[in-house]
Peer 1: 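Below: one structure in structure tokens.
Reminder, nothing fancy here: chain letters follow the sequence lines and each chain counts from 1.
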Amino acid sequence: MFPSLNEQMDLIRSGAIEVLPEEELVKKIEKSIKTNKPMRIKLGADPSRPDLHIGHAVVLNKLRQFQDLGHTAVLIIGDFTAMIGDPTGKSKTRPQLTIEETKVNGQSYLDQAGIILDKSKMEVRHNSEWLSSMNFNDVIKLCAQYTVAQLLERDDFSKRYKSGTPISMHELLYPLAQAMDSAAIESDVELGGTDQKFNLMVGRDIQRAYGKEPQCILTMPILEGTDGVNKMSKSLDNYIALTDVPSEIFGKVMSIPDELIPRYLQYAAFASEDEVKQMEEGLKDGSVHPRNAKVDTAIRIVSKYHNEEAGKAAFEEFERVFKNKDIPDNIDEMEIETEDGTEGLLNILAKTKLIPSKKEAKRMVEQGAVSIDGEKTDDPFAAIDLKEQKLFKVGKRKFLYVKSK
RNA sequence: GGGUAGGUACCGAAGUGGCCAAACGGGGCAGACUGUAAAUCUGCUGGGCUCCGCCCUACGGAGGUUCGAAUCCUUCCCUGCCCA
């Protein structure tokens, strides 16, 4: 039924930063093979941020590998914790989500995760199921299992504490709440980014305290965003969304710094370790041009989250648009209201939302960022004839056909 | 509860009655150059307008003093640190 122990361990270890404790995992796998029962692999999902990107995909892909080995993915939608409001970050209180919102977001999370996961081997649970019924006694019992010093060991807590940044009580409770999830669903392994290590470890202690067998933990690296510096996140706008269209994914991958290429190949395209090694060496000894390596990686990534034809098509379009300065395939069209078929340039840019404000539009035009039908324009107040459809280009990547209604 | 230091734009941080839409740095955006990379250089970085000028909103919230306030007063909210 299940692949052999070694086979499983090899795949599980690949790409992972840490697997702790490894001997325990070996025992769990042996037991799973012997009893022919799949292990329960936990992954927590945060429905307050329902837009998944390739950074999230790193862990999701690992979870998928477990599924492919025959194990059960248990996806926890953190609807309860989201309702309290996610405390990460600084002083800014996140808007608290209503039950309705977490429902919608949770569903959207599942839809996107479904691009990567095998839905037939997946169990979806909401943590409100067990957390919302806990009363103050239960919470006290839970808190008694842990000490302040232990919680302050967590890197970001201690950093914030030392630097004088406030930490609210409920933030301290977060790791405990997450650990309760592990106890509730009796997970054998929990996955997470390296930033989750602490929380994952707390899960072990709490499971033990509640008489369960402690889980093993597996951490995956945090993928850098397209800027190559910060971790990928929506708020930094350096992300590649799972639902981005192929040309968009392709373009974004092409804009990453060279040093990141092997990492993207490994963690975004989830290529095998051999392939990654091969590319790294090629880049090192100069036999592979960085640009080509990047193109290959971009094709691989598009192919993974869409399909191979889309990967090829995205590549061809990219060549045409940026090498030959041609225009892309699918440009949106928009019709806007005008008095007499003509309209001021700034109004057009603002109405079509090509640029968020007229003030900014004016600046962009003056800096030569806007062209119409391939001709650069530097007069923000020009009246543009829209009786015939015209092609507007803003910056390097925004194209739109506009016509008078 | 007592003491003390603070809350300024995306972030950090100046400014302590008019010259402040707010220095400087980072980030971001755009242009040139490129491999939509990096590095570099240049410009921009609240919104609107009848656009070389005018108007509106903005320095934690609300009031007030003043011809005029981010800057002074009152009050409220929030945070750090020390003491209890």
Peer 1: Begin from the C-alpha positions of Asp79(A) and Lys103(A) and carry the test salt bridge (charged side-chain N to carboxylate O under 4.0 Å, His left out) through to its verdict.
Peer 2: CA-CA 8 Å; Asp79(A) 62 341; Lys103(A) 263 196 190 133; over 6 Å; no
Peer 1: Taking only residues at least two apart or on different chains, which pairs with a member in residues 271-280 of chain A satisfy salt bridge (charged side-chain N to carboxylate O under 4.0 Å, His left out)?
Peer 2: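 For residues 271-280 of chain A: Glu275(A)-Arg300(A).
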Peer 1: Rounding to an integer number of angstrom, what distance separates U57(B) and G64(B) when you compare their P atoms?
Peer 2: 16 Å
Peer 1: Are any of the side-chain nitrogens in Glu171(A) or Arg160(A) under 4.0 Å away from the carboxylate oxygens of its partner?
Peer 2: yes
Peer 1: Could you spell out the base pairing of RNA chain B in dot-bracket, with Watson-Crick or G-U pairs whose two distances are under 3.5 Å, [ ] crossing and | to another strand?
Peer 2: ((((((((.[[[..)..(.....]]]((((((.......))))))((((...))))...[[[[[..)....]]]]]))))))).
Peer 1: Strictly below 4.0 Å, N to O, side chains only: are Arg204(A) and Glu190(A) in salt-bridge contact?
Peer 2: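 Here Arg204(A) does not pair with Glu190(A) in a salt bridge, since their nearest N and O are not under 4.0 Å apart.
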Peer 1: Think Lys252(A) forms a cation-pi with Tyr239(A), using NZ or CZ under 6.0 Å from the six-ring centre and within 45 degrees of its axis?
Peer 2: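 So Lys252(A) does make the cation-pi contact.
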Peer 1: Before accepting this row, confirm whether a basic side-chain N of the pair Glu153(A)/Lys197(A) lies closer than 4.0 Å to the acidic partner's carboxylate O.
Peer 2: no
Peer 1: With sequence neighbours left out, which residue pairs that include part of residues 115-125 of chain A fulfil the side-chain hydrogen bond (donor to acceptor under 3.5 Å, both in side chains) condition?
Peer 2: Arg40(A)-Glu123(A), Asp118(A)-Ser120(A), Glu123(A)-Arg125(A), Arg125(A)-Glu129(A)
Peer 1: For Lys234(A), which of Asp244(A), Asp51(A), Asp46(A) qualifies under salt bridge (Lys or Arg N to Asp or Glu O under 4.0 Å)?
Peer 2: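 Checked Asp244(A), Asp51(A), Asp46(A) against Lys234(A); only one passes salt bridge (Lys or Arg N to Asp or Glu O under 4.0 Å): Asp51(A).
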Peer 1: What is the distance from NZ of Lys162(A) to P of U79(B), rounded to the nearest Å?
Peer 2: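 Value for this atom pair: 23 Å.
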Peer 1: Let me have a per-nucleotide readout for nucleotides 31-36 of chain B, 5' to 3', with B, S or -, counting only protein heavy atoms under 4.0 Å.
Peer 2: SS--BB
Peer 1: For the P atoms, the ones on G63(B) and on G48(B), what distance do you get once it is rounded to whole angstrom?
Peer 2: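 Pairwise P distance, G63(B) against G48(B), rounds to 27 Å.
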Peer 1: What interatomic distance, in whole Å, is found between C1' of C72(B) and the corresponding atom of U65(B)?
Peer 2: 8 Å
Peer 1: I'd like the C1' distance from C11(B) over to U45(B), given in whole Å.
Peer 2: 14 Å
Peer 1: With rounding to the closest Å, how many angstrom separate the C1' atoms on U74(B) and C24(B)?
Peer 2: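 Result for the C1' pair: 34 Å, nearest Å.
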Peer 1: What is the distance, to the nearest angstrom, from the CG atom on Asp237(A) to the P atom on C11(B)?
Peer 2: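 One finds 16 Å between P of C11(B) and CG of Asp237(A), rounded.
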Peer 1: With no hydrogens and no angle check, do the side chains of Ser4(A) and Asn6(A) hold a donor and an acceptor under 3.5 Å apart?
Peer 2: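 The answer is no; no qualifying pair exists.
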Peer 1: Drop me the distance from Glu18(A)'s CD to Cys216(A)'s SG, to the nearest 0.5 angstrom.
Peer 2: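 Taking CD in Glu18(A) and SG in Cys216(A), the distance rounds to 12.5 Å.
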Peer 1: At a cut-off of 3.5 Å, list every protein nitrogen or oxygen paired with a nitrogen or oxygen from nucleotides 45-48 of chain B, distance to 0.1 Å.
Peer 2:
residue	atom	partner	partner atom	Å
G47(B)	OP1	Ser357(A)	OG	2.9
G47(B)	OP2	Arg363(A)	NH2	2.7
G48(B)	OP1	Lys358(A)	N	2.8
G48(B)	OP2	Lys358(A)	N	3.3
G48(B)	OP2	Lys359(A)	N	2.6
G48(B)	O6	Lys359(A)	NZ	3.3

Peer 1: Tell me: CD of Glu224(A) to P of A38(B), nearest whole Å?
Peer 2: 15 Å
Peer 1: Between A9(B) and G26(B), how many Å separate the two C1' atoms, rounded to a whole number?
Peer 2: 14 Å
Peer 1: C55(B) and A21(B): how far apart are their P atoms, nearest whole angstrom?
Peer 2: 11 Å
Peer 1: Are there any protein N/O atoms within less than 3.5 Å of an N/O atom in nucleotides 80-84 of chain B, and if so, which ones and at what distance?
Peer 2:
none

Peer 1: Mapping Met364(A) and Glu259(A) onto RNA chain B by nearest heavy atom, which one lands closer to the 5' end?
Peer 2: Met364(A)
Peer 1: CG of Asn230(A) versus C1' of C11(B): gap in Å, rounded?
Peer 2: 11 Å
Peer 1: Does this structure show an ion pair linking Arg13(A) with Glu22(A), if we count only N-O contacts that are shorter than 4.0 Å?
Peer 2: yes
Peer 1: Could you grab the distance from atom CG of Asp181(A) to atom CH2 of Trp130(A), nearest 0.5 Å is fine?
Peer 2: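 These two atoms lie 5.0 Å from each other.
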Peer 1: In whole Å, what separates the C1' atom of G17(B) from that of G28(B)?
Peer 2: 34 Å
Peer 1: Roughly how far apart are Asn238(A) CG and Thr226(A) OG1, rounded to 0.5 Å?
Peer 2: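 Asn238(A) CG to Thr226(A) OG1: 5.0 Å, rounded to 0.5 Å.
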Peer 1: Indicate whether the side chain of Ser182(A) and that of Gln207(A) have a donor and an acceptor atom separated by less than 3.5 Å.
Peer 2: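 No donor-acceptor contact under 3.5 Å links the two side chains.
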